[in-house]
2 protein chains.
Amino acid sequence: MPQSNKKSMTLTTAEENYLKAIYHLSEGGKKGVSTNDVAAEMKTKPASVSDMLRKLGEKEVIEYRKYYGVHITDEGKKLALQTIRKHRLWEVFLVEKLNFAWDEVHEVAEELEHIQSPLLIQRLDAYLNYPKFDPHGDPIPDEFGDVRARPRVALNEMEVDQTGQIVAVKDSSAAFLRHLDKMGAYIGARIKVLDKVEFDGSLEILVDQKKTLFMSKDVAGNILVQQS
Amino acid sequence: MPQSNKKSMTLTTAEENYLKAIYHLSEGGKKGVSTNDVAAEMKTKPASVSDMLRKLGEKEVIEYRKYYGVHITDEGKKLALQTIRKHRLWEVFLVEKLNFAWDEVHEVAEELEHIQSPLLIQRLDAYLNYPKFDPHGDPIPDEFGDVRARPRVALNEMEVDQTGQIVAVKDSSAAFLRHLDKMGAYIGARIKVLDKVEFDGSLEILVDQKKTLFMSKDVAGNILVQQS
DNA sequence: TTTCGAATTTAGTCTTATCTAAAAATAAAT
DNA sequence: ATTTATTTTTAGATAAGACTAAATTCGAAA
């Protein structure tokens with residue numbers, strides 16, 4: 001007997017985490033997500049995943065056909081985006097108000113995102129001045145799950161004299177974020193491509209109309225820019 | 001085999017809640033706390049409590065003698081005070097930064113207090129400017145569990161011309177807090193007793209050197225003031 | 001189309017935290 | 001000093017979420 005999701009569907013913390021993982025794995029590819037994929041993402045065993053998929057299927061936040069992986073439903077997508085919204089708002093709070101570094105916020109936000117209080121999130125959003133992007137540059141969905149997805153381009157694909165703002169990194173590992181920091185760049189920085197070296201594809205970048213820096217093609221390829 | 005609490009003792013969320021309840025029930029009275037008391041406080045059944053007491057006893061955060069109730073240990077008290085510290089810091093945050101009302105914060109703080117991150121609490125404390133009292137006027141323990149317990153007196157017991165700061169209310173029901181608010185008083189307000197009416201014991205109070213208000217003896221008896 | 005290997009599910013166990021019902025211990029009263 | 005009433009504990013169940021080991025299913029290769 002499927003859960004008639006009349007109004008609100010309540011998920012446990014574990015269910016929220018699985019759904020979020022499934023949502024992330026679904027992004028881009030239109031195809032279903034396999035049990036093994038989810039197990040890897042969640043760092044659990046496939047057997048545990050099978051169990052959870054059955055439960056999420058009953059709650060109709062995913063479509064689950066045994067042996068054929070899962071598709072997230074519209075309802076599921078909405079719930080996943082709500083969790084992601086909470087996660088990213090908390091990240092903004094931690095960085096902007098509590099002076100956490102980019103690479104310190106994930107674990108804590110992972111806990112904070114499960115606090116159940118619509119009012120809290122509403123107020124937090126207002127307090128942070130309705131941010132549209134988190135400290136890694138990922139967009140923050142609104143309360144209906146809508147994302148203001150702005151076009152992005154990898155920095156190494158930009159032409160000389162083009163300008164924009166760094167909004168995200170592809171590989172957001174702590175190591176890379178620290179490297180970025182050391183170079184003098186950061187999420188949110190306004191940049192301009194001053195030169196592209198033909199020899200090795202490296203770039204000369206002007207940051208915040210002040211500092212110039214050089215970066216390899218590989219590093220630049222890992223940086224996403226919203227052009228302006 | 002008792003848990004050798006060498007360094008850090010980690011408690012689950014449920015264990016933290018039980019320990020906090022036991023700590024609160026222990027306050028004042030030097031005597032032990034009964035299984036039934038804990039069950040009432042936690043809104044669970046005595047059978048569930050027995051089980052939990054055994055576990056908390058093994059972790060040496062309480063002293064548990066079957067059929068004779070529990071005493072909290074020094075280690076347990078320290079842990080309980082850490083949870084209380086987190087709870088009250090979050091309450092300050094909710095009221096001062098997110099504009100929650102006094103009577104809206106408890107439930108949410110009850111969830112937030114279980115977030116595990118010493119750094120988070122450290123930063124939050126600094127961000128809030130190291131508050132010593134929560135929005136209800138209850139003291140916030142420091143990171144070692146020490147409480148700056150300042151002497152308090154009921155407002156109706158103060159003499160004419162004495163001054164102080166409202167730091168707590170005895171009955172912190174939503175109704176009373178709203179009544180206080182409507183009168184123009186609040187936790188943290190600096191007050192001075194202008195007059196005491198002999199006829200009915202009611203008081204005339206100066207709030208923040210601006211507003212005068214009158215309150216009955218009963219209302220004043222419910223307000224705690226730190227004299228200055 | 002049969003077989004083989006990888007992926008997936010099922011079955012059974014464990015832990016935490018709860019419950020109900022029944023047993024046992026304490027405390028109080030005759 | 002017994003009996004009775006209350007409190008507390010034990011025993012056995014349940015539900016969530018995880019695991020291991022065993023069984024099943026799928027799909028690709030021969």
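Letters A, B, ... are given to chains in the order of the sequence lines, protein chains preceding strands, and every chain is numbered from 1. Remember, predicted model here, so these are calculated numbers, not experimental data.
- Side-chain contact check for A:L94 versus A:E104: every heavy-atom pair is 4.5 Å or farther apart.
- The phosphate of C:dT8 has OP1 or OP2 within less than 4.0 Å of a side-chain N or O from A:N36.
- Candidate nucleotides D:dT10, C:dT26, C:dT10 were compared by shortest atom distance to the side chain of A:S50, and C:dT10 ranks first.
- For the pair B:L56 CG and C:dT16 P, the computed distance is 12 Å after rounding to whole Å.
- Taking 4.0 angstrom as the limit, B:S48 places a side-chain polar atom (N or O) nearer than this to OP1 or OP2 of C:dC19.
- We find that CE of B:M42 is positioned 17 Å from P of C:dT16, with the value rounded to whole Å.
- Residue A:T35 places at least one side-chain N or O under 4.0 Å from the OP1 or OP2 atom of C:dT9.
- For D:dG17, one of the phosphate oxygens OP1 or OP2 lies less than 4.0 angstrom from a side-chain nitrogen or oxygen of A:T12.
- OP1 or OP2 of C:dT8 has not a single side-chain nitrogen or oxygen of A:K45 nearer than 4.0 Å.
- Of all nucleotides listed (D:dC19, D:dG17, C:dT9), D:dG17 comes nearest to the side chain of A:M52.
- Ring geometry, A:F176 versus A:H179: the interplanar angle falls from 30° to 60°, so the pair is classed tilted.
- Of the two residues near DNA chain D, A:K66 and A:A47, the one whose nearest nucleotide lies more 5' is A:A47.
- Counting to the nearest Å, the C1' atom of C:dT15 and the CD atom of B:E58 are 13 Å from each other.
- One interatomic measurement links the two molecules: NZ of B:K43 to C1' of C:dA17, which rounds to 18 Å at whole-angstrom precision.
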Practice task
Given side-chain contact (heavy atoms from CB on, under 4.5 Å), test B:I140 with B:V92 step by step and report yes or no.
Solution key: CA-CA 10 Å; B:I140 300 174; B:V92 172; 3.9 Å; yes
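- If you take NZ of B:K55 and P of C:dT16, they are 6 Å apart, rounded to a whole angstrom.
- Atoms CD (B:E16) and P (C:dT16) sit 16 Å apart, rounded to a whole Å.
- Residue-level contact check: A:A14 touches the backbone only, with heavy atoms under 4.0 Å from sugar-phosphate atoms and none from bases.
- Residue A:Y67 places no side-chain N or O under 4.0 Å from the OP1 or OP2 atom of C:dA6.
- Contact check, A:Y18 against D:dA16: no side-chain N or O comes under 4.0 Å of OP1 or OP2.
- The nearest whole Å value for the distance from the CZ atom in A:R54 to the P atom in C:dT8 is 17 Å.
- Taking the ring axis of A:Y127 as reference, the NZ or CZ atom of A:K97 stays within 45° of it and closer than 6.0 Å to the ring centre.
- Under 3.5 Å, the side chains of B:D218 and B:S216 contain no donor-acceptor pair of N or O atoms.
- Remark: P of C:dA24 and CZ of B:R65 are 20 Å apart, rounded to the nearest angstrom.
- No engagement by A:D51 is indicated, since no non-hydrogen atom pair under 4.0 Å with the nucleic acid exists.
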